[in-house]
Amino acid sequence: MSQSKIYLLGPCAAETETQVRQIAQEIHTCFTPMDGEIIFRAGIWKPRTSPDTFQGIGNEGLAWLSSIQKDMGMKVATEVITPEHVGWCLDAGIRHLWVGARTSANPNAVQALADAMDGRVERVYVKNPVNEDAPLWEGNIQRFENKGIPTMAIHRGCRHKPCWHLAHYLKTHRPNTDILLDPSHMSGNRQYIATLLNTTKQLPYSGLMVELHSTPDKALSDAKQQMLPKDFMAIYQACGWGETIVNNDELQWLRHEIDELDDELWQTILRRMEVSQQIGQYKQQQGMPIVQPTRFQEILSARLEWGKQHHISDDLIRQIMDAIHQESIRKQQ
Ligand code: PEP
Ligand code: MN
């Protein structure tokens, strides 16, 4: 694992030449990590969910990024999706490339990127796939390492959940692979970034990727999660990220996983209550009684049978199902 930390900072997307220069300048003047390297990030080809949104500036942005590299002495990184992107970046002198979470879900696409890379690539950063598949993430990293390309992982979570088990898996299986944390895509909202920095400062991450923008609310993509460089600097300094002693303690990872599971449990209970309320409305419209004992008995028996297979006691199942059922009846009344 490298000692000094790596910080990939910059906007989600390069929008105009003025915008990227302005953000790069702000990062350059206000962010000084204790011990680390800053790399300016900006996407020019954006894999977006909807074709009706900004798809990235495309090849025009290559020159903007290489001029930041030349004029400000800051290395730049961008996302590559196809082998052509790799060639165009390398020809433009952009030698830090990242593989996004959507591409990372497709091993053939990842192999094609690895095959297109040559000795000019300084480092490739591989994001975890969007589909929570830790072995696939590991396999993607191996595809680049097999080609002798210096590789780091980026943990960006899935569907705005951290999925700590992904980073825990990778650290356990490949203790020497550096992992950077991307709290921006992990949370999808700038208001959670301080909490994520605080909760991860003792975990063995080798750096950060954070989306920064001079006018975040006007950003053409990922507006909610981008931050002002000076605001990021303030929360980074306040929590002491990068200055804290980190360790790969198993208990630390497991506690993060348990907290996330508890959160999912409560989110599921909340969703169940919402559906239950819709059932209540339906019953009311149809003039049906709220309490349906046969239906509850069916649910309970099926769950008790499932519990036997998974060695969960009848007692626990009865207590939880009764409590949930009582709350549902209360909500439907
Ligand atoms: C990005 O970093 O701009 C990006 C598109 O990220 P992800 O692939 O993690 O969604
Ligand atoms: Mn983004």
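One-based numbering, in listed order, for ligands and for the atoms of each.
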Asp222 OD2 and Glu211 OE2 subtending at the Mn ion (ligand 2) (10° steps) = 130°
Please say whether Ala101 places an N or O atom under 3.5 Å from an N or O atom belonging to ligand 1.
-> yes
Thinking salt bridges, do Asp91 and Arg120 make one under a 4.0 Å N-O criterion?
-> yes
Show which atoms of ligand 1 fall inside a sub-4.0 Å distance from at least one heavy-atom site of Glu79.
-> 4 (C), 5 (C)
N/O separation below 3.5 Å, Asp182 to ligand 1 | no
Salt bridge (Lys or Arg N to Asp or Glu O under 4.0 Å) contacts in which one or both residues fall within residues 7-30, not counting sequence neighbours = Arg21-Asp71
Side chain to side chain contact (heavy atoms under 4.5 Å, CB included) against His311, all qualifying residues, sequence neighbours excluded | none
SG (Cys12) to the Mn ion (ligand 2) to NE2 (His185): angle, nearest 10 degrees?
-> 170°
When only distance counts, is Arg102 in polar contact with ligand 1, meaning an N/O pair under 3.5 Å?
-> yes
Heavy-atom contacts with Gly100 under 4.0 Å: which atoms of ligand 1 show up? List them by number with element.
-> 8 (O)
Would Glu211 and Arg41 pass as an ion pair if we require N to O under 4.0 Å?
-> yes
Taking only Lys NZ, Arg NE, NH1 and NH2, and the carboxylate oxygens of Asp or Glu, determine whether Glu327 and Arg330 approach each other closer than 4.0 Å.
-> yes
